[in-house]
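Here is the structure we will look at.
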Amino acid sequence: MCLKKMMSKLTELIESAQTVAVIGHIRPDGDDIGSCLGTYNYIKLNYPEKKVQVFLESKISKFGFLKGFDDICCKLNQADEVYDLVICQDISTPERMGDFAEILNRGKHSFCADHHKTNPGFCEFNEIRPSASSTSEVVYELLDESRIDRVTAECLYTGIVHDTGVFQYSCTSSRTMEIAGKLVEKGVNSEFIINSSFYQKTYPQIRAWGYAFQNSVLSEDKRCIYSVFTWKDMKKFGITSIELDGISSELRLVGGVDLAMLIYQDGPDTYKLSLRSSDNLDCSLIALKHGGGGHAKAAGCTIGGDPLEIAQMIIEEAKEQL
């Protein structure tokens, strides 16, 4: 179905629904939060008679300036509610919804907006565009631009900023820049959004990042680099895994490196891998092999075992591509 038809279909679904649930993925990032709140504010503005609720596993305080942030529901506490429409955003697989998958399973109709090439299209209607910089870009294309106000624009702009690394990643296209410009024309304060939500960090976070860089390990051929964070490390610096976001991208900046990994503990014997790669390697293939997913240059998965052994295993898998 072409983009115009998908835009019409989403509008039709919203207009025919009385209750709408907007769901993001576990460990939400800037694009997930931005796209979900963008959709939420758009519906609240243009369809005030509708009941709409955003479900995200957690809130990240640096995004607290976005309208609707305080209304986000972080727990499945409405077990008996059946939503007329469930909109899934930035979710590559149903498993990435966590407990909120139950809301999708009960929903009368479902629509997925995403940009992960590994997305199998698990909703009734799916607009999956791997060429897009972010899900926020996809959402912008699905909405009526003339009905997007400043607060909706702030959410979508924030999402685009975070998934493009402030327009520096290769996923940034001329269309991305055009959309960002149109959102700024809505009154978005781009300087505030970029500085406060992307660059600004807490002092404990800066110390943790320094630790990650100082204790990073470069492979023998100097084409792979990784750093490990355990629960003990996170407790030492007084941070959570959320504040580690971005380290793998910084490690990838080391000259000659094709694969960068941040390996951090997320269970008694399991570790989450945040993978970033160069043009020479598709890290999504590695993530898929281990039940994860993502993009060619940015992907993730969860693996059980010893973190150092996990690192060596992933390095060997990377060498198969290199």
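Quick caveat: nothing in here was measured; it's all calculated off a predicted structure.
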At their closest point, which heavy atom of Val257 faces which heavy atom of Leu251, and how far apart are they? CG1-O, 4.4 Å
Are Glu145 and Lys186 close enough, and set up right, to give a salt bridge (Lys or Arg N to Asp or Glu O under 4.0 Å), and what steps lead you there? CA-CA 10 Å; Glu145 194 274 338; Lys186 298 284 186 178; 3.3 Å; yes
Going only through I, L, V, M, F, W and Y residues with side-chain contacts under 4.5 Å, is there a path from Ile72 to Leu156? yes
Indicate whether the side chain of Glu81 and that of Thr19 have a donor and an acceptor atom separated by less than 3.5 Å. no
Centre of Phe111's six-membered ring, under 6.0 Å away, within 45 degrees of the axis: is that where NZ or CZ of Lys9 sits? no
Consider only side-chain N and O atoms of Asp258 and Ser278, and report whether a donor and an acceptor are under 3.5 Å apart. yes
Should the ring pair Phe63 and Phe65 be called parallel, tilted or perpendicular, given that the plane angle runs from 0 to 90° and is split at 30 and 60? tilted
Leu56, Val22: one ILVMFWY side-chain cluster at the under-4.5 Å cut-off? yes
May I ask you to check whether over 12 heavy atoms, not counting those of Asp99, lie within 6.0 Å of atom CG? no
Below 3.5 Å, can you tabulate the donor-acceptor pairs from side chains in residues 289-299 to any protein atom, sequence neighbours excluded?
{"unit_1": "His290", "atom_1": "NE2", "unit_2": "Glu317", "atom_2": "OE1", "d": "3.0"}
{"unit_1": "His290", "atom_1": "NE2", "unit_2": "Glu317", "atom_2": "OE2", "d": "3.0"}
{"unit_1": "His295", "atom_1": "NE2", "unit_2": "His115", "atom_2": "NE2", "d": "3.4"}
{"unit_1": "His295", "atom_1": "NE2", "unit_2": "His116", "atom_2": "NE2", "d": "3.4"}
{"unit_1": "Lys297", "atom_1": "NZ", "unit_2": "Ser170", "atom_2": "OG", "d": "2.9"}
{"unit_1": "Lys297", "atom_1": "NZ", "unit_2": "Asp279", "atom_2": "OD1", "d": "2.3"}

Is there side-chain contact between Ile14 and Leu85, with at least one heavy-atom pair below 4.5 Å? yes
Counting only heavy atoms not in Lys108, do more than 12 sit closer than 6.0 Å to its NZ atom? no
Matching residue for Phe229 among Tyr271, Tyr211, Tyr264 - test: ring-ring contact (aromatic ring centres under 6.0 Å, His included): Tyr211
Within the distance-only criterion (no hydrogens, no angle test), does the side chain of Asp32 pair as donor or acceptor with the backbone N or O of Asp29 below 3.5 angstrom? no
Applying side chain to side chain donor-acceptor pair (under 3.5 Å), which residue pairs with at least one partner in residues 61-73 are found, sequence neighbours left out? Tyr40-Asp71
Quick check for you: to the nearest 0.5 Å, what is the distance between Met6 atom CE and Asn126 atom CG? 6.5 Å
Does CD in Gln168 sit with more than 12 non-hydrogen atoms of other residues, nucleotides or ligands closer than 6.0 Å? yes
Return the CZ to SG distance between Phe125 and Cys112, rounded to the nearest 0.5 Å. 13.0 Å
Determine the interplanar angle of the Phe198 and His162 rings, folded into 0 to 90°, and report it as parallel if under 30°, tilted if 30 to 60°, perpendicular if over 60°. perpendicular
The reported gap from CH2 in Trp209 to CD in Glu243 (rounded to nearest 0.5 angstrom) is 10.5 Å
Go through it in stages, so that I can follow the logic: the residues are Val20 and Thr39, the test is side chain to side chain contact (heavy atoms under 4.5 Å, CB included), and I'd like the CA-CA distance, side-chain angles, deciding distance and then a yes or no. CA-CA 10 Å; Val20 181; Thr39 301; over 6 Å; no
Kindly work out whether a path of hydrophobic side-chain contacts (I/L/V/M/F/W/Y, heavy atoms less than 4.5 Å apart) joins Leu142 to Leu37. yes
If you take all heavy atoms of Cys73 and Phe100, which pair is closest and at what distance? O-CZ, 3.9 Å
Do Thr176 and Ser173 have a side chain donor and acceptor closer than 3.5 Å? yes
Using every non-hydrogen atom in the two residues, find where Met177 and Phe167 come nearest and quote the distance to one decimal. SD-CD2, 3.6 Å
Give a yes or no on whether a salt bridge exists between Lys182 and Glu185, defined as a side-chain N under 4.0 angstrom from a carboxylate O. no
Just wondering, more than 12 heavy atoms not from Glu191 lying within 6.0 Å of its CD? no
Between Ala21 and Ile103, which heavy-atom pair has the shortest distance, and what is it? CB-CG2, 3.9 Å
Side-chain donor/acceptor of Asp31 to backbone N/O of Ser136, under 3.5 Å: yes
Between Ala17 and Asp84, which heavy-atom pair has the shortest distance, and what is it? CB-CB, 3.6 Å
When hydrophobic residues are tied together by side-chain contacts of less than 4.5 Å, even through go-betweens, does Tyr157 share a cluster with Leu45? no
All heavy atoms of Arg276 vs all of Ser274, minimum pair found to be NH1-OG, 3.5 Å
Start with the C-alpha gap between Leu244 and Met234, add the side-chain angles, then the distance that decides, and say whether side chain to side chain contact (heavy atoms under 4.5 Å, CB included) holds. CA-CA 9 Å; Leu244 298 175; Met234 286 182 247; 4.2 Å; yes
Can Ile242 be reached from Trp231 by stepping across I, L, V, M, F, W or Y side chains whose heavy atoms are under 4.5 Å apart? no
Going through the distances and angles, do Ser35 and Thr135 end up as a side chain to side chain donor-acceptor pair (under 3.5 Å)? CA-CA 6 Å; Ser35 62; Thr135 295; 5.2 Å; no
